[in-house]
Amino acid sequence: MCRNSFVISSWVLSLIFGVVPVQAGTSEDLERNTDSSPVIDSTPRSGAGGLLRRVTAPQVKRPPGHQGQWGRFNWGNGEFAGFGPIGNYGAARWAEDWSVLRDPHNHHDIFDPLKFVALNDAKTIWLSFSGDSRIRNWAESRPQLGTANVRDSRRFSVMNLLGADLHLGNHFRVFTQLLNADAGGWRPYAYNNTWRHAVALQQLFIEMNWKLASAQTGLIVGRQQFLDAPLWVLYNRDTPDVPLSWNGVRAYAIWDSIKVDAFNFVETELYNTHNFGGGFDETNRLYGVNMAYALPTMYWGKVKLRSFFNLFWMGFRFGGKMARVGHVTGYTSGTQTRHNIGFRWAGNLPSFEYDLGGVYQFGSFHGESGPERDISAYALHTILGWRGPKKAWNPFIGIQAELYSGAKQWRHGGALTGFIAPFSPQSGSFDSTRTFGRSNVMSISPLITVTPLPHVSIRLKSPFLWRYSRSDAVYGLSAPYEKLFSGHALHAAGRRIGTAPQGRVTWQINPHLTWMVDGGYVFLTERMKGIGAKDESFMLSTITFRF
């Protein structure tokens, strides 16, 4: 493993465990207000589906790390503004607004001096530093349904991010972020360029923002993170150590209740042997337009209903394993162009939450041989549930159901009807065992989350899984399980895959330090075992430090 990772991680760990739980403004507000949600709800991933959560008015605008001037999109964790969820810290570190620390009286945290560093007397030019360090330990009995040819794998991975945000007045800034990542362990498998990098330029962009036609508008040019999409369609590549980054231009405009976002990107090419390397991977492109609307507040009796509606068009162009098309004699390589037209509607009452979405994909497969083939696929995503009293463990009891169409791929002609999400949708929100990908699968799961302590949450779910099409394989996170599905095995395996009971415990030790433990077991059907698939157990421990 890379010596740099261990040096940096050792420094971070010594800093972590030397930090006393601080009295940040967020924690104080939460604990003083007896009507507010537990402290754990201030983390970006809080909520049944990873994003929804119930908050009170004082929690919407936080003294440290709060959202920008996003109007009604500031409600909850601010994700509908298009910059990822914001809690104590944001999923996108550059989206945090620390200008409130211009006033020294607002300093409450040991790291506040690093969040606002004035570079002139007027404090209009300033720097904000950010850091993330994540250490993960994995234990898997039969990884990837036994196809990894490894038993009792024990992996270890480290990721470090260091960012600097230079503000030059109120309308111009430069953000840069460096990455260091490494991975190793006992009987490891599947490590590639998304797991290891000595020093990488993860992000480097300029942003210009201004008021135009009463909207907060902005233009972002350069290498950047992009999260303005439903997490089950596109996210941040959070399972490996090297997050997804894009090169190009993004323009946005946010009014009080309407938001428009347009973008055109090329994916960053990965070289783990070149410091600061990584050019443009022209094969993988992302472009489109996303619009969001904060619906007018409605009432259910005397109770407010808040909801948001997204309508988007996104274009995917990609190659690699996910783009290949299978047939009886093997695979045909090539590239795919998929246009995604979709929606998302999410919101809540104090005792009810919902998150509904759908996508239709159309486009074409450009093979290295044979004729071009059309694409026609779709996906549906639903979370519905009841939110119980705050004083009784703040429970959420609901159902999570997802459907991703499959294809009759093992034929040489006709349209491809299998849904593919090639740009790293959030795997843990679907299957925390990281065994199943979002292609050719139907899943329904009871879902329970409770908060027994203000800093601790527990999530339990048990997905029941089926293949959408018996003529298509079971998919992992980046490709189908080729060793299991070929020829007669496609039909011999049956449609039902099995069930995967799983759980997650999250402990927010202090505003900077979080410990998350995921565990689960995959019980396969006898017909799946008949084609060589194996049951497997899974456990993942993740310690994350952020400032």
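Residue numbers run from 1 in the order of the sequence given. For the numbers below, each heavy atom of this structure counts, side chains included, while hydrogens, waters and symmetry mates do not.
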Problem set entry | W345 and Y354 aromatic centres sub-6.0 Å |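 That pair passes the under 6.0 Å test.
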Exercise. Are F265 and F226 close enough that their ring centers fall under 6.0 Å?
Worked result: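 Aromatic pair counts; centres sit under 6.0 Å.
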For this session: Show your working on side-chain hydrogen bond (donor to acceptor under 3.5 Å, both in side chains) between T514 and T544 and close with a plain yes or no.
Result: CA-CA 5 Å; T514 304; T544 304; over 6 Å; no
Problem set entry | Between T417 and S405, a side-chain donor and acceptor under 3.5 Å |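 Side-chain D/A pair, T417 to S405: absent.
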Problem set entry | Under 3.5 Å side-chain donor-acceptor pair for N310 and N290 |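 Yes - a donor-acceptor pair under 3.5 Å links their side chains.
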Exercise. Where is the tightest heavy-atom contact between V266 and D281, given as atom of each residue plus distance?
Worked result: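 Smallest interatomic distance, heavy atoms only, reads CG1-O, 3.2 Å.
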Exercise. If you look at every heavy atom in W232 and A421, which pair is closest and at what distance?
Worked result: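 In this case the closest contact between W232 and A421 is O-CB, 4.4 Å.
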Exercise. If you measure from the Lys or Arg side-chain nitrogens to the Asp or Glu carboxylate oxygens, is any gap between E267 and R285 under 4.0 Å?
Worked result: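 Answer for the salt bridge query: no.
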Exercise. Would you call D535 and R142 a salt bridge, using N to O less than 4.0 angstrom?
Worked result: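 A salt bridge is absent here (no side-chain N lies under 4.0 Å from a carboxylate O).
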Exercise. With T435, which residues qualify under side chain to side chain donor-acceptor pair (under 3.5 Å), at least two apart?
Worked result: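 Only T433 meet the side chain to side chain donor-acceptor pair (under 3.5 Å) criterion with T435.
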Exercise. How would you list, by chain and number, every residue that makes a ring-ring contact (aromatic ring centres under 6.0 Å, His included) with Y521, sequence neighbours excluded?
Worked result: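 Y521: ring-ring contact (aromatic ring centres under 6.0 Å, His included) contacts with F523.
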For this session: Identify which one of R196, R134, R155 satisfies the salt bridge (charged side-chain N to carboxylate O under 4.0 Å, His left out) criterion when paired with D241.
Result: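 That would be R134.
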